[in-house]
Amino acid sequence: GFIVREERLKTPSVSSISHAMASSLCSSSSTLIPKPHLPSSKPQSQFIETLKTAGKPSRHILLTHSSKSCDELEVAKKVLETDPKVLWERYTEWLYQHKDLGLYLDVSRVGFTEEFVKEMEPRFIKAFKAMSELEKGAISNPDEGRMVGHYWLRNPKLSPNSFLRLQIENTLAAICAFSQEIIGGKIKPPSSPDGRFTQILSVGIGGSALGPQFVAEALAPDNPPLKIRFIDNTDPAGIDHQIAQLGLELASTLVIVISKSGGTPETRNGLLEVQKAFREAGLNFAKQGVAITQENSLLDNTARIEGWLARFPMFDWVGGRTSEMSAVGLLAAALQGIDIKEMLAGASLMDDATRTPVVKNNPAALLALCWYWASDGVGSKDMVVLPYKDSLLLFSRYLQQLVMESLGKEFDLDGNRVNQGLTVYGNKGSTDQHAYIQQLREGVHNFFATFIEVLRDRPPGHDWELEPGVTCGDYLFGMLQGTRSALYANGRESVTVTVQEVTPRSVGALIALYERAVGIYASLVNVNAYHQPGVEAGKKAAGEVLALQKRVLAVLNEASCKDPVEPLSIEEVADRCHAPEDIEMIYKIIAHMAANDRAIIAEGDCGSPRSVKVFLGECNVDALYA
Ligand SMILES: O=P(O)(O)OC[C@H]1O[C@H](O)[C@H](O)[C@@H](O)[C@@H]1O
């Protein structure tokens, strides 16, 4: 009983290296078909070398069958076991169990072979060593010259020095004390009618939002002492919605502004918008504002100078996407009545388990092994995360940042261009079964699945049978098992992580499990998991757009101050901005301003850009002479 899994190596998400290899091997001449981001002069042998250093073991048929036709090259074969008896043996042999955490990891539906595990051994030895050095305080984020210390947060004794240990312990103590005082009503909002804080408005983005959002959804009780809302974007309508929903409760809202750098524009904008709402409601923002940021950042200084209610530190050696167990995640969690010590305990237990240098006994290493196998060590398959529990809905979104920002890198640690990554998406089961599972089962084979299973359906004493012998939770269970089997029967691999219940302890453990898996995998493929140089490009480009908008405004203002007003075509604006090459962006800037009543279209319409003539509604005389 075997099924042959067809591997289309030329999937859209396969690395550029595989594309280049396939092109070069199919080409009759010895030169490569140039790809946009690969140097066209590089000889084929060097690509093979790059591929090896990028982390591909020798099993890749693509490397060895250079004489075959294009079609044959695109299809390599992986064989998946289907004999139920053999599968049961594989299941029991590889099943990982963490007794104290009640957590299981089933990797039996990923088809890695013993030979592959052996081949990977040296890489794992290197990865375990790298992780151990990281935990001892090595500069494991070399580009930024930083230590990587999120593991110390749940076991401060492991910090490389007593100063760091004290920082962690004192911050945790301050979080517990502050949240008790807020919940207990000792610290009161200055003008709330019932004298207590009732709401949290958390302002932050990326790593300063995703962890708190995931944990709130997973663990907040039905009636938390403080309810939480998030502003995680610079979308004015989204911000208005959050503020409108708070209504009069703005007076009893604790605003937590989170930014490690303290200078992220979206977060700054959120803060300014919230402060405006406070002013308009006649409230004193400073008495209700809390900052979580690095010492002496712009945000920290603002909060200090304005005398905000409290400030908590974010440490240089904790990255945003691994900051859930720092003040970033813990403060909001504690204020919602979530047992943060249990979260830390769960994470710490998982950290202990994932230090084991034996792949089979280390759940994070097992995950990394599966990722490597399933995605050929180059991200050739996406990871679809399917938690079968509504409260874990945001786990896939949380993992998306953790995995993709950590692994999605252009260069490896030796400076080779590798365009690494692992795409993560998902929502929840069984809901997704009625949306996109159709494609997963039968469509393009570009993924492997991760099922998250929760054994306990609902709290004890509440269950009932909605038909003889069957509960609502049995259906959820059946859907998960059915989907796992149906996918596998069609050659689609999957990992299953099982927890007993969704508790602070198990959520802490899940976070720690994936943090370590990412760290290990990054080492297997030789990339820095702790920087994000690519994010800067988008930020820089956004800044350039805003700078261009200022020039457009100045040009339009000048023309609008003439008598009579001089409507300008897009070409004229671009020329006067001395930016003819930016004409498309200038058109978009004008269309956006017109849609928001900040510019007037005199002629034409936005559907035919060349016909548009534009001017401003008002002449700003001061700006003319600025
Ligand atoms: O916490 P902050 O400094 O505001 O950063 C918020 C987020 O923005 C950045 O662009 C990074 O890509 C994220 O890793 C980070 O979590």
Side-chain angles (χ1 to χ4, degrees), residues 140-141 143-150 153 171 201-216 230-235 238-239 255-274 289-303 308 311-332 394 397-410 420-424 511 514-515 518-519 522 527-546:
S140 296
N141 181 357
D143 308 55
E144 296 177 358
R146 283 173 161 152
M147 297 189 287
V148 177
H150 49 274
L153 297 170
T171 306
L201 184 57
S202 182
V203 185
I205 197 167
S208 293
L210 288 158
Q213 286 169 331
F214 162 50
V215 165
F230 294 91
I231 290 179
D232 66 351
N233 201 355
T234 183
D235 172 13
I239 295 170
V255 183
I256 307 180
V257 185
I258 311 174
S259 174
K260 178 178 176 182
S261 61
T264 302
E266 290 93 330
T267 305
R268 184 207 67 148
N269 295 357
L271 167 61
L272 294 178
E273 293 272 0
V274 173
V290 176
I292 301 176
T293 184
Q294 286 192 110
E295 223 179 315
N296 287 326
S297 72
L298 186 60
L299 172 60
D300 191 41
N301 293 336
T302 307
W308 292 15
R311 290 181 291 136
F312 293 91
M314 177 101 190
F315 307 120
D316 173 70
W317 36 269
V318 174
R321 55 188 172 273
T322 52
S323 65
E324 178 49 34
M325 310 280 167
S326 74
V328 170
L330 296 183
L331 180 63
L394 296 183
R397 205 196 289 179
Y398 171 79
L399 287 183
Q400 201 167 52
Q401 186 203 21
L402 176 63
V403 175
M404 294 178 74
E405 205 167 60
S406 302
L407 301 178
K409 299 293 155 70
E410 185 167 16
Q420 266 291 353
L422 184 61
T423 304
V424 178
I511 290 172
Y514 277 87
E515 282 176 349
V518 165
V527 298
N528 178 357
Y530 309 105
H531 68 167
Q532 51 286 327
V535 178
E536 292 312 311
K539 286 187 189 166
K540 197 167 156 260
E544 284 163 8
V545 172
L546 294 178

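Along the sequence shown, residues carry numbers from 1. We count ligands from 1, going down the list as the structure has it; atoms in each ligand are counted the same way. Because only heavy atoms are used, hydrogens play no part in the values below, and waters and symmetry mates are left out as well, while side chains stay in.
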I need the nearest protein heavy-atom contact for [atom]: residue, atom name and distance, please.
{"atom": "atom 13 (C) of ligand 1", "value": "Glu405 OE1, 3.5 Å"}
{"atom": "atom 16 (O) of ligand 1", "value": "Gly207 N, 2.8 Å"}
{"atom": "atom 5 (O) of ligand 1", "value": "Thr264 OG1, 3.6 Å"}

Exercise for review: May I ask you to identify, for Gln532, whether its side chain, its backbone, both or neither come under 4.0 Å of ligand 1 on a heavy-atom basis?
Suggested key: side chain
Review point. How long is the gap from CD1 on Ile258 to CG on Leu331, to the nearest 0.5 Å?
Key: 7.5 Å
Review point. Looking only at heavy atoms of Gln401, does any of them come nearer than 4.0 Å to an atom of ligand 1?
Key: yes
Exercise for review: Assess Lys539 for proximity to ligand 1: is some non-hydrogen atom of it under 4.0 Å away?
Suggested key: yes
So if I count the atoms of ligand 1 from 1 in the order they appear, which ones are less than 4.0 Å from some heavy atom of [X]?
{"X": "Ser259", "result": "1 (O), 2 (P), 3 (O), 4 (O)"}
{"X": "Ile205", "result": "6 (C), 7 (C)"}
{"X": "Val535", "result": "10 (O), 12 (O)"}

Do [X] and [Y] make a side-chain contact, defined as non-hydrogen atoms from C-beta onward lying under 4.5 Å apart?
{"X": "Arg146", "Y": "His531", "result": "no"}
{"X": "Glu324", "Y": "Pro212", "result": "yes"}
{"X": "Leu153", "Y": "Phe315", "result": "yes"}
{"X": "Met325", "Y": "Ile511", "result": "yes"}

Check your understanding: Are side-chain N/O atoms of Asn141 and Glu144 paired as donor and acceptor at under 3.5 Å?
Key -> yes
Check your understanding: Regarding Gln213 and Asp232, is there a side-chain donor-to-acceptor distance under 3.5 Å anywhere?
Key -> yes
Exercise for review: Report yes if Thr267 has an N/O atom closer than 3.5 Å to an N/O atom of ligand 1; otherwise report no.
Suggested key: no
Review point. Considering distance alone, does some N or O of Gly206 sit under 3.5 Å from an N or O of ligand 1?
Key: no
Practice item. Report the residue from Glu405, Gln401, Glu515 that forms a side-chain hydrogen bond (donor to acceptor under 3.5 Å, both in side chains) with Arg321. Key: Glu405
